[in-house]
Amino acid sequence: MKRFSKINEVGRSMIEAIGYISVMVTISVSVAAAVNSGYYKYRLSRINSELTDLKKVISQRYVAAGDYKEVSMDALIEEKIAPWDTRDGTHAFSGEVKIGPYDDGNFFFIEFDDVPRDACMELGLKVWIVNDGSDLDTLKINNKTWAWKFSNLTDNPNYELPSKAKDVVEGCTEEYKNKMIWYFN
C-alpha cells in the first residue's frame with residue numbers, strides 16, 4: 001500500500017502577496033509625491049528667476065536708448081538676448097509672458113498670465129533692489145495695484161509698496177489664473 005506523506009508548501013499566500021503589493025504602492029506614491037513637490041518648487045524658483053532675468057535684460061539692452069519705446073519680446077529674441085526660459089513666450093507655469101513699452105516709452109512692463117496662487121504670492125512679495133538697472137514703480141495683481149508713495153504711474157493705488165503679505169494674499173485670488181504686471185522705469 002502506498003502511503004501519502006505530508007508535503008510542505010513553499011509558496012506565499014494571497015494575503016502576503018496583497019501586503020507586499022500594498023507596501024510597494026505606498027512607496028511608489030510617496031516617491032512620486034516627493035518628485036512632484038520638488039518639481040513644483042523648482043518651477044517656483046524658475047518663475048522668480050525668469051522675471052528677474054527679463055527685467056535685467058531689458059534694462060541693460062535699452063539703457064543707452066534713454067527710453068523703452070522699442071521693447072518687445074520679438075526684439076529680444078531676434079537679438080538673441082531673451083532669457084532662455086521665456087523665448088517661447090511662456091513662463092515656468094506655461095502662462096503667457098508679455099513685455100512692452102508703457103507711458104510713451106518712459107516705462108516698460110512685464111506681464112505674466114495664468115500664475116498659480118503660490119507663485120503669485122511669492123512674486124508679489126519679491127523685494128526689488130533699488131537702482132539695480134530699472135526700478136519697480138507699480139505692481140498689479142489681478143485688479144489690485146501697489147505703487148510707491150510718489151509713483152509716476154498711478155495716483156490711487158490700492159496699496160503702497162513694499163507689499164505686505166496680507167495684501168498680496170487678498171490680491172492673488174485665483175488658484176491658477178492670476179495676472180501679474182510689473183511696471184519699471
Side-chain angles (χ1 to χ4, degrees), residues 33-63 68 71-73 76 81-103 105-185:
V35 168
N36 194 28
S37 174
Y39 182 62
Y40 188 79
K41 288 178 183 176
Y42 165 77
R43 291 186 346 177
L44 279 174
S45 173
R46 282 303 323 140
I47 196 169
N48 197 338
S49 294
E50 290 167 350
L51 175 61
T52 303
D53 292 348
L54 266 173
K55 183 216 135 232
K56 284 183 178 180
V57 163
I58 293 168
S59 296
Q60 292 169 355
R61 165 59 181 86
Y62 292 94
V63 70
Y68 301 101
V71 171
S72 73
M73 186 62 85
L76 297 181
I81 58 173
W84 182 258
D85 295 351
T86 57
R87 287 185 182 181
D88 63 351
T90 63
H91 56 69
F93 289 95
S94 301
E96 188 175 3
V97 173
K98 300 173 194 164
I99 63 172
Y102 189 77
D103 189 41
N106 295 317
F107 293 81
F108 67 92
F109 72 89
I110 300 173
E111 178 180 328
F112 283 9
D113 293 335
D114 301 332
V115 178
R117 191 161 198 254
D118 292 348
C120 178
M121 289 186 287
E122 185 171 318
L123 293 173
L125 292 170
K126 182 174 177 64
V127 176
W128 291 96
I129 299 171
V130 178
N131 295 323
D132 181 30
S134 297
D135 296 328
L136 178 67
D137 185 273
T138 305
L139 166 64
K140 288 181 87 171
I141 301 175
N142 298 321
N143 294 322
K144 302 210 183 282
T145 304
W146 286 257
W148 294 104
K149 192 171 191 170
F150 301 105
S151 171
N152 297 323
L153 289 180
T154 184
D155 294 329
N156 296 317
N158 301 101
Y159 309 101
E160 282 189 17
L161 284 171
S163 55
K164 294 176 181 64
K166 72 177 190 64
D167 300 332
V168 172
V169 167
E170 290 174 13
C172 298
T173 57
E174 303 297 322
E175 189 63 31
Y176 293 103
K177 298 287 184 182
N178 293 289
K179 179 178 183 176
M180 304 183 76
I181 308 172
W182 297 265
Y183 297 91
F184 297 95
N185 63 0

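- N178 and N142 make their closest contact through OD1-ND2, 2.8 Å (heavy atoms, listed as atom of the first residue, atom of the second, distance).
- The side-chain heavy atoms of C120 and M180, taken from C-beta on, include a pair separated by under 4.5 Å.
- Screening F184, Y102, Y62 against F108 for a ring-ring contact (aromatic ring centres under 6.0 Å, His included) leaves a single residue, F184.
- Two residues are said to be in side-chain contact when any heavy atoms from C-beta on lie closer than 4.5 Å; D53 and R46 meet this criterion.
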Inset, instruction - Apply the test side-chain contact (heavy atoms from CB on, under 4.5 Å) to residues D85 and H91: give CA-CA distance (whole Å), side-chain angles for both, the deciding distance (0.1 Å), then the verdict. - result: CA-CA 7 Å; D85 295 351; H91 56 69; over 6 Å; no

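- Checked by atom type and distance alone, the side chain of E111 never pairs as donor or acceptor with a backbone atom of W182 at under 3.5 Å.
- A donor-acceptor pair is defined here as one N or O able to donate and one able to accept, closer than 3.5 Å; such a pair exists between the side chain of T86 and the backbone of P83.
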Inset, instruction - Please report the C-alpha distance between R43 and K41 in whole Å, then the side-chain angles of each, then the deciding distance to 0.1 Å, and finally whether the side-chain contact (heavy atoms from CB on, under 4.5 Å) criterion is met. - result: CA-CA 5 Å; R43 291 186 346 177; K41 288 178 183 176; over 6 Å; no

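- In this model, no donor atom of one side chain and acceptor atom of the other lie less than 3.5 Å apart for D137 and N185.
- Closest non-hydrogen pair, C172 versus M121, comes out as SG-N, 3.6 Å.
- Shortest non-hydrogen contact noted between A147 and S151 is CB-CB, 3.7 Å.
- Of all heavy-atom pairs between I81 and V57, the closest is O-CG1, 3.3 Å.
- Using a 4.5 Å heavy-atom threshold, the side chains of P162 and W148 count as touching.
- Side chain of N48 to main chain of S45: no donor-acceptor pair is present (N/O by atom type, distance under 3.5 Å, no hydrogens or angles).
- A 4.5 Å side-chain heavy-atom check between D167 and W146 finds at least one atom pair inside the cut-off.
- Taking both residues in full, the closest heavy atoms of G124 and S163 are given as O-OG, 2.5 Å, listed atom of the first, atom of the second, then distance.
- A heavy-atom distance below 4.5 Å is not found between the side chains of L139 and I181.
- Between the CD atom in E96 and the CE atom in M73 there is a gap of 9.5 Å [rounded to 0.5 Å].
- For Y183 and F107, the ring centers are positioned 6.0 Å apart or more.
- Between R117 and T173 the shortest side-chain heavy-atom distance does not fall below 4.5 Å.
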Legend entry - Worked verdict on L76 versus L54 for side-chain contact (heavy atoms from CB on, under 4.5 Å): CA-CA 10 Å; L76 297 181; L54 266 173; 4.3 Å; yes

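- Remark: the backbone N or O of K55 is paired with a side-chain donor or acceptor of S59 at under 3.5 angstrom.
- In plain terms, the two heavy atoms of I99 and S72 that are nearest each other are CD1-C, 3.6 Å.
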Legend entry - Residues K177, D113; criterion salt bridge (charged side-chain N to carboxylate O under 4.0 Å, His left out); working and verdict: CA-CA 7 Å; K177 298 287 184 182; D113 293 335; over 6 Å; no

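- When the options Y39, Y40, F112 are evaluated for a ring-ring contact (aromatic ring centres under 6.0 Å, His included) with F93, the one that passes is Y40.
- A side-chain donor-acceptor contact under 3.5 Å links K126 and T52.
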